[in-house]
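Protein chains get the first letters and strands the later ones, always in sequence-line order, with residue 1 at the start of each.
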Amino acid sequence: MAKTHVTCTINGEETEFLCDPNQTVLDVLRDDLGLTGSKEGCGSGDCGACSITVDGRLTCSCLMLGPEAEGKSIGTIEGVATGDHLHPVQSQFLKHAALQCGFCTPGLIVATKALLEKHPNPTDEEARYWLAGNLCRCTGYDKILAAVHAAAAEMRGESA
Amino acid sequence: MNDISLKDALKVVGTRPVRPDGVDKVVGRAQFGGDATMPGMIFGATVRSPHAHARIKKINTAKAEALKGVKAVITAADMPEIVSEEAFVGEGPMNFRDLSNNLMARDKVLYDGHVVAAVAASSMSIAKAAAELVEVEYEVLPHVIDEIEAMADGAPVLHDDVFTAGVDPKPTKPSNVAKRVEFAKGDLAAGFAAADKIIERTYKTAPVHQAYIEPHACIAAYNADGQCTVICSSQGQFMVRAYCAKLLGIDISDIRVVPAEIGGGFGGKTLVYLEPLALALSRKAGRPVRMVMDRVDVFRGTGPTSGGTVKVKLGAKKDGTITAADAEIILQAGAYPGSPMGPAAMCCWAMYDIPNARAVGVDVVSNRPKVAAYRAPGAPISTFGTESAVDEMARELGLDPIEMRLKNAAKNGTKALYGPTFQNIGYVETLEAAKAHPNLQAKLGPNQGRGVATGFWFNIGGESSASLAVNEDGTLVLVSGSPDIGGSRASMAMMAAEILGIEVEHIRPIVGDTASVGFTFLTGGSRVTFATGMAVCEATNEVVKQLRGRAAKIWEIDVEAVEWRDGSAYPAGDNAGKFEPLSLADIAAKAARTGGPITAKGAVNAQGAGPGFGTHVVDVEVDPETGHVKVLRYTAVQDVGRAIHPSYVEGQIQGGTVQGIGWALNEEYIYTKDGRLDNASFLDYRVPVASDLPAIDAVLVEVPNPRHPFGAKGVGEVPIVPPMAAVANAICAATGVRMTSLPMSPPKLKAAIDAAGK
Ligand code: FES
Ligand code: FES
């Protein structure tokens, strides 16, 4: 099968890759680009572990084909921190113990960041519905919501 | 510092530092089972049975082998035939032969999804294509899924060498009933005769899956010299090593298992599915093999826990005193014997001091995947029955459910039905704390109801190893053998830091591979903070002793005259004040001149785990039009002994509770008529999502366990025990309808409400 040549931006860096036409962006990221932070929990769009942003929009990378990335700007968990400076969502997840096994965490952080960039001050219900596509089997979500609200406050410039 | 009454003196234990492995996990750098690579690796895939029960007549692998890029194909013929032998490697009963046959079916397939062959190829897509080319000829046999149907005369019998154990006389015919166990005390008949009110009910629970978000994954290399390396996500690297060795006929010393980060287990990663297959493929192909399940394989081929039937008979006096209690718990084992019916029976009445009681467990095989442990294995199923019955009794007698429980509560000195006499337990404290919680003052509206239920889990100890090494600059590396699923590295480092009197950040805790730390039983049974914690404390105390010795040497005084506090050695007694204190860094810097490296090991077979109790109170609102249940408020109180890192203790309680809510309301395995799993995806097997839930208020009660240096008890399993009964009891309070079958999904609840004409 002839491979497709794709040019896109990943975490701000221009990136080229070759992929099978039926290969998902998740597989390209994990297997070909060494970006294993995005996880596969289901491969069917039901768990959110593979969450990325595509031109700013929250997307399941397991549902997007490699060639569809052409010309797009992709954000993954690896691009959330700036150097060794954690994003507020990351530091608040740590502070609030919002992870246990941590497998859902990359997806939840990408999803939370996308939420807060769009809605800087979500209600608890809004946050819970936004994150309903991200399964976490360990935490019961309680501490995740605490972290989301704390990160929102920090990003709004309120003292957390 | 071992005086656990001195909680106020603790500086690290009980605080909430950021976990040491946290940053890796929030930046996406943590390496889970499917993230590891090896040079030259190829990819494995499995071929699975489409039938629930069938004889394998022929397997033809020629076409698969001929496909370009295929490096190896294996079937049971490539695996040693294992004789029947009890294994004490994982959690719960297991037989090496059964596990081997579960990994790779030999003569018969026993469930939809049973592996019959595996292939390895240069890419995942070629491996999958090759798997499709493996031709298997089956003779389809009649199947049975439900445990009651499996016990019936004329049911298809799965194994012709299973004769019910534990019954007298010994059966002469094989059956699907593998075993019966019984725990009894007092005189049941007299107890029921003395009762004013008797309640008799049969409850039913659906099989559910642990549903960890990370599918099983491993990479395995079998080298030309017979040395093997496996990197995988599991609840026990030593468990994986033992199973691989046994099932492939390899010496234990030739296998090194490196624990990857583990993306959830809940008991479901206490046995092997892929690792021996990957090693066998690697042996045949001469290349490292990576195997990663997809979600469908996880649902069809791994885990789940039993569905079951629980028959309860409960007798009480008008004042609420329970006079007799009887329960029979019949659990599906899946394809091979070994359901958790034992612990189910042992736990179901453990919250109560009942003079006349019995609990019977029955282990029944049927055409489902072999069950794996799931958080407090068995107890949530049996307790759904017993705690529903206790609630119904309280309701009938017009008593408050918490008061009813207080009246009959197990206390220190109560002899549990399963044998031991309880000491230092905190059940009553959890009931009292629940009663006092502000959530219980919340007013309830129409269609809303409040439910109470309680639960018990033993918690276990067992073998653990740890080692601690002082670095040249006075920081330390702490190695333990327990895979960290929910933050245990943090609590290990905190206990060591407390003893050393230093900041926790100066200790780097890691999980060792099988070649770098002593044997450690797997992470399960809520044992790590307790047992591995004891090994860590033992190693740390030894390091402190050595540090004092080094200071004594430097000062040329007796070691007895050296005191260790706040991270430094101080001259004590007559020498007090004679020398400047020496910090850990000072002593570390002089280590070469005072005797060499400062290291110590801790190795324990921990006994005396403190049993855990929890009391849950839930408020729900039922939509009578749709049968949908909304959880409004949830209070989960638990005796945790001593919370080392309270955030992660609360997290265990919240996570376990929510799994219980899912079990109560949504989760179930659904089978087609021909025995195929019909909902093998997260779309159709619905675990709770954030928008389904309110805050989960975890309340920690601390009744310390004197057998642990800091008083810790296991905490991970108790919280999944009460929720199903708590939710059922709340639904009954809201609607007057008693649900006796899980899940209490909208169609079922709606039908029950309609039938009751409410
Ligand atoms: S892996 Fe993409 S949603 Fe689950
Ligand atoms: S922390 Fe394990 S799935 Fe979320």
Report yes or no: does [X] contribute a side-chain atom to a donor-acceptor pair with the main-chain N or O of [Y] at less than 3.5 Å?
| X | Y | result |
| --- | --- | --- |
| A:Arg137 | B:Ile213 | no |
| A:Gln90 | B:Val26 | yes |
| B:Arg19 | A:Leu94 | no |
| A:Tyr141 | B:Asp692 | no |

(message) Does any part of the side chain of B:Val27, heavy atoms only, come nearer than 4.5 Å to the side chain of A:Ile77, both counted from C-beta?
(response)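 Answer no - side chains too far apart.
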(message) Is any side-chain heavy atom of B:Ile485 closer than 4.5 Å to one of A:Gln100?
(response)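 A:Gln100 does not reach B:Ile485 side chain to side chain.
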(request) State which residue, out of A:Ser44, A:Cys47, A:Cys42, fulfils the side-chain contact (heavy atoms from CB on, under 4.5 Å) condition with B:Arg295. (result)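 Passing option: A:Cys42.
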(request) Could you tell me which of B:Asp35, B:Asp24, B:Val18 has the largest number of non-hydrogen atom pairs under 4.5 Å with chain A? (result)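 Highest number of heavy-atom pairs under 4.5 Å: B:Asp35.
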(message) Counting only heavy atoms not in B:Glu505 (residues, nucleotides, ligands), do more than 12 fall under 6.0 Å from its CD?
(response)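 Buried by this count: over 12 neighbours within 6.0 Å.
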(request) Inspect the contact between B:Arg686 and A:Asp46 and indicate whether a charged nitrogen and a carboxylate oxygen are less than 4.0 angstrom apart. (result)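 No, this pair does not count.
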Would you give the length of the straight line joining atom [atom1] of [X] to atom [atom2] of [Y], rounded to the nearest 0.5 angstrom?
| X | Y | atom1 | atom2 | value |
| --- | --- | --- | --- | --- |
| B:Ser123 | A:Gln23 | OG | CD | 9.5 Å |
| A:Cys138 | B:Tyr212 | SG | OH | 12.5 Å |
| B:Ser691 | A:Leu131 | OG | CG | 9.0 Å |

(request) With chain A as the partner chain, list the residues of residues 648-661 of chain B whose heavy atoms fall under 4.5 Å from it, by residue number, and write 'none' if nothing qualifies. (result)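 Result: B:Tyr648, B:Glu650, B:Gly651, B:Gln652, B:Gln654, B:Gly655, B:Val658, B:Gln659.
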(message) Looking at every non-hydrogen atom in both residues, tell me the closest pair between A:Phe103 and B:Gly263 and how far apart they are.
(response)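 Looks like CB-CA, 3.7 Å.
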(message) Below 4.5 Å, heavy-atom pairs only: which of A:Val80, A:Thr105, A:Leu99, A:Ile109 has the largest tally toward chain B?
(response)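 Ranked by contacts with chain B, first place is A:Leu99.
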(request) Could you please spell out the steps behind the side-chain contact (heavy atoms from CB on, under 4.5 Å) verdict for A:Arg128 and B:Leu693? (result) CA-CA 8 Å; A:Arg128 283 181 183 272; B:Leu693 297 160; 3.9 Å; yes
Which side-chain N or O atoms in residues 714-724 of chain B pair as donor and acceptor under 3.5 Å with protein atoms at least two apart or in another chain?
from, atom 1, to, atom 2, distance (Å)
B:Glu717, OE1, B:Ala376, N, 2.7
B:Glu717, OE2, B:Trp457, NE1, 2.9
B:Glu717, OE2, B:Gly525, N, 3.2
B:Glu717, OE2, B:Ser526, N, 2.8
B:Glu717, OE2, B:Ser526, OG, 3.1

